[in-house]
Amino acid sequence: MKRLSDLLKGVNVLQQVGQADVSIDNVQFDSRKVSCNTLFVAQKGTIADGHQYIGTAIEKGAVVIVAQTLPQELKEGVVYIRVEDSSYTLGLIARNFYDNPSLQLKLVGITGTNGKTTTATLSFNLFSSLGFKCGLISTIVNKIGDKDYPTERTTPDVLSLNKLLSDMVAAGCEFVFMEVSSHAVVQQRVAGLSFFGGVFSNITHDHLDYHKTFANYIKAKKGFFDMLSEKAFALTNIDDRNGEKMLEDTRARKYSYSLTKPADFKAKIIENCFEGLLLEINGREVNTLLVGKFNAYNLLAIYSIARLCGVSESEALIALSKLRAADGRFEPHSLKNGAVAIVDYAHTPDALDNVISTINSIRIAGKLITVVGCGGDRDKTKRPEMAAIAQKGSDILILTSDNPRSENPESILEDMKEGITDMSKVFCITDRREAIKLAAQLASSKNDIILIAGKGHETYQEINGVKHHFDDKEEIMKY
């Protein structure tokens, strides 16, 4: 139970009707979850406007209403609080309701188009291997120590997020590594949190269905660094052309990492093969189990995080050498005839290009067969671009479905085909299971490589609002 006056700490109240001497048992922004003694925050969302459900919330037991616009009829016995931004205010109230858990943790947020999951997950693994009790908030899974908790999206809503962080405090966690999506920044899902550090990996073509323009997408990523305090560190990849831009207005201590430019943390690829990378980091060599230039960036970011969090150079390098790839990230599987299938989450043009380029830089003989699709109800402009990248780098290309959602899968393939210049070695197979089967049949040599891109760790296909079990790894292992 909390007092309303305590929950409003830090909140810019524009208007208050009623006394703040009220006891609150529950905070909600979903009217369906309201119960007695609830504080209900009416948000103007992308789909629904919570202001329309104020009456419903009061009927179900809400005693405090926080809104940007107060209803014309005010019910006696209910306290009304008017604020400028309900979503931002919800972050402050959630923080206060759960006793400001992020202040009691060393919370490191990782943002960027590609590499968030790998960097967050392997940072969690590295620090756990050094004996720290850690938390993880990621696309694949949320973790408190060695216990897994399911996740529905990259960054949870701000109420669930503060509850999760509170549970991590209670469990004795010291460090928490968290993916911060651009959607989360715009929707104020990280409002009110105190970050120990922020990390920028890169920014490429993605999510323009939501942000509309690339400039808005950059602004969203930059917004995360703008919110960091002077006590936090801000780490950026300066090899990305927008890397330095991220730090222009931040109050945090600024650091950089790079493979090509002078930086606080500098790495050089000495050797890259299917067994892993040999890197030189700040003048010291380390053998790693991850593959590809893109993973060199991920590993360098992880090393930089470790050093900025107080881990010694030697400890960081030893722990780095033992890290294995995150689930569904450049994950190899051997076929019965000796060919290799690689399952990877690459679902953006840049990520797909990185994976294909990595495979082609390593393979000596044999052919590359790529299976790839594009998600429905998402950014359509990247579809022909991804098909063009896949065709250019592959010997055989199979275009297929990847979570068509409410769209006709055939229409998605037609969009992808616009990027194809020669259909002679391109197959279009709507059924992803059949597409993977064909790829396995076409891999006739032990030197052949199959890349199954787009889904990685996902274990479902979403079709017309229904998620059907589907796992790329399960499918390819049949062969």
Side-chain angles (χ1 to χ4, degrees), residues 1-102 152-153 155-166 181-193 209-212 216 219-220 223 226-227 465:
M1 182 183 293
K2 300 286 184 180
R3 307 300 295 178
L4 175 58
S5 55
D6 293 330
L7 296 185
L8 294 178
K9 286 179 180 176
V11 175
N12 182 22
V13 177
L14 302 179
Q15 180 185 358
Q16 181 173 324
V17 180
Q19 297 298 314
D21 189 28
V22 179
S23 295
I24 302 297
D25 294 331
N26 188 16
V27 174
Q28 289 295 341
F29 61 90
D30 184 342
S31 61
R32 294 167 296 183
K33 297 179 181 178
V34 170
S35 55
C36 290
N37 299 325
T38 292
L39 182 153
F40 176 72
V41 180
Q43 293 179 285
K44 290 188 176 181
T46 53
I47 300 175
D49 185 350
H51 290 76
Q52 298 176 353
Y53 302 97
I54 290 175
T56 302
I58 292 172
E59 287 175 7
K60 296 183 75 173
V63 292
V64 177
I65 301 296
V66 176
Q68 291 174 209
T69 305
L70 301 188
Q72 291 184 338
E73 295 184 19
L74 304 183
K75 188 167 182 179
E76 190 175 346
V78 176
V79 179
Y80 296 87
I81 306 290
R82 184 168 66 87
V83 296
E84 183 177 349
D85 186 334
S86 295
S87 296
Y88 178 75
T89 301
L90 175 60
L92 302 183
I93 290 172
R95 173 188 73 184
N96 295 335
F97 187 76
Y98 287 105
D99 298 321
N100 212 339
S102 62
E152 292 184 4
R153 50 181 156 178
T155 310
D157 68 77
V158 73
L159 264 178
S160 301
L161 187 50
N162 275 276
K163 171 66 167 63
L164 185 58
L165 292 172
S166 177
S181 69
S182 56
H183 293 66
V185 177
V186 172
Q187 295 169 10
Q188 303 286 6
R189 281 188 254 144
V190 291
L193 296 184
D209 55 304
Y210 179 81
H211 296 292
K212 306 306 179 187
N216 286 341
K219 184 180 178 181
D226 292 349
M227 68 173 279

Could you report the tightest heavy-atom contact between G91 and V158, atom names first, then the distance? CA-CG2, 3.6 Å

Indicate yes or no: at least one non-hydrogen side-chain atom of I24 is less than 4.5 angstrom from one of T38. no

Between the side chains of D99 and K2, is the shortest nitrogen-to-carboxylate-oxygen separation below 4.0 Å, so that they form an ion pair? yes

Close side-chain approach of D6 and L4, heavy atoms under 4.5 Å: no

Rounded at 0.5 Å granularity, tell me how far CD in Q187 sits from OG in S181. 7.5 Å

Which atom names give the shortest non-hydrogen contact between L14 and E84, and what distance separates them? CD1-N, 3.6 Å

Would you please name every residue forming a side-chain hydrogen bond (donor to acceptor under 3.5 Å, both in side chains) with R95, sequence neighbours left out? none

Can you tell me how far the CZ atom of F97 sits from the CE atom of M1, to the nearest 0.5 Å? 10.0 Å

Heavy atoms of I54 and P71 approach each other most closely as CD1-CD, 4.2 Å

In terms of heavy-atom contacts, A220 and V186 come closest through CB-CG2, 3.6 Å

Kindly state each residue pair satisfying side-chain hydrogen bond (donor to acceptor under 3.5 Å, both in side chains) with at least one member in residues 8-22, sequence neighbours excluded. R3-D21, Q15-R82

side-chain contact (heavy atoms from CB on, under 4.5 Å) between L159 and V27, intermediate numbers included: CA-CA 8 Å; L159 264 178; V27 174; 3.9 Å; yes

Please enumerate all residues that pass side-chain hydrogen bond (donor to acceptor under 3.5 Å, both in side chains) together with Q28, with sequence neighbours excluded. N26

Applying salt bridge (Lys or Arg N to Asp or Glu O under 4.0 Å), which residue pairs with at least one partner in residues 155-166 are found, sequence neighbours left out? K163-D167

For D85, enumerate each residue passing the side-chain hydrogen bond (donor to acceptor under 3.5 Å, both in side chains) test, keeping only those at least two apart in sequence or located in another chain. none

Is it true that atom OH of Y98 has more than 12 heavy atoms of other residues, nucleotides or ligands lying nearer than 6.0 Å? yes

For residues 57-70, dump all side-chain donor-acceptor pairs below 3.5 Å to protein atoms at least two apart in sequence or in another chain.
{"unit_1": "K60", "atom_1": "NZ", "unit_2": "S31", "atom_2": "O", "d": "3.4"}
{"unit_1": "K60", "atom_1": "NZ", "unit_2": "R32", "atom_2": "O", "d": "2.9"}
{"unit_1": "Q68", "atom_1": "OE1", "unit_2": "S86", "atom_2": "N", "d": "3.0"}

Checking side-chain contact (heavy atoms from CB on, under 4.5 Å) against L90, which of V83, N162, V41, V11 comes through? V41

Does the side chain of S87 come within less than 4.5 Å of K44's, by heavy atoms? no

Rounded distance (nearest 0.5 Å) linking atom CG of N96 with atom CG of L8: 8.0 Å

Which heavy-atom pair separates Y88 from A191 by the least distance, and what is that distance? CD1-CB, 3.6 Å

Hey, are the side chains of L39 and L7 touching, using non-hydrogen atoms and a 4.5 Å cut-off? yes

Please report the shortest heavy-atom distance between L92 and G192, naming the atom on each side. CD2-CA, 3.8 Å

In this structure, are over 12 heavy atoms from other groups packed under 6.0 Å from Y80 atom OH? yes

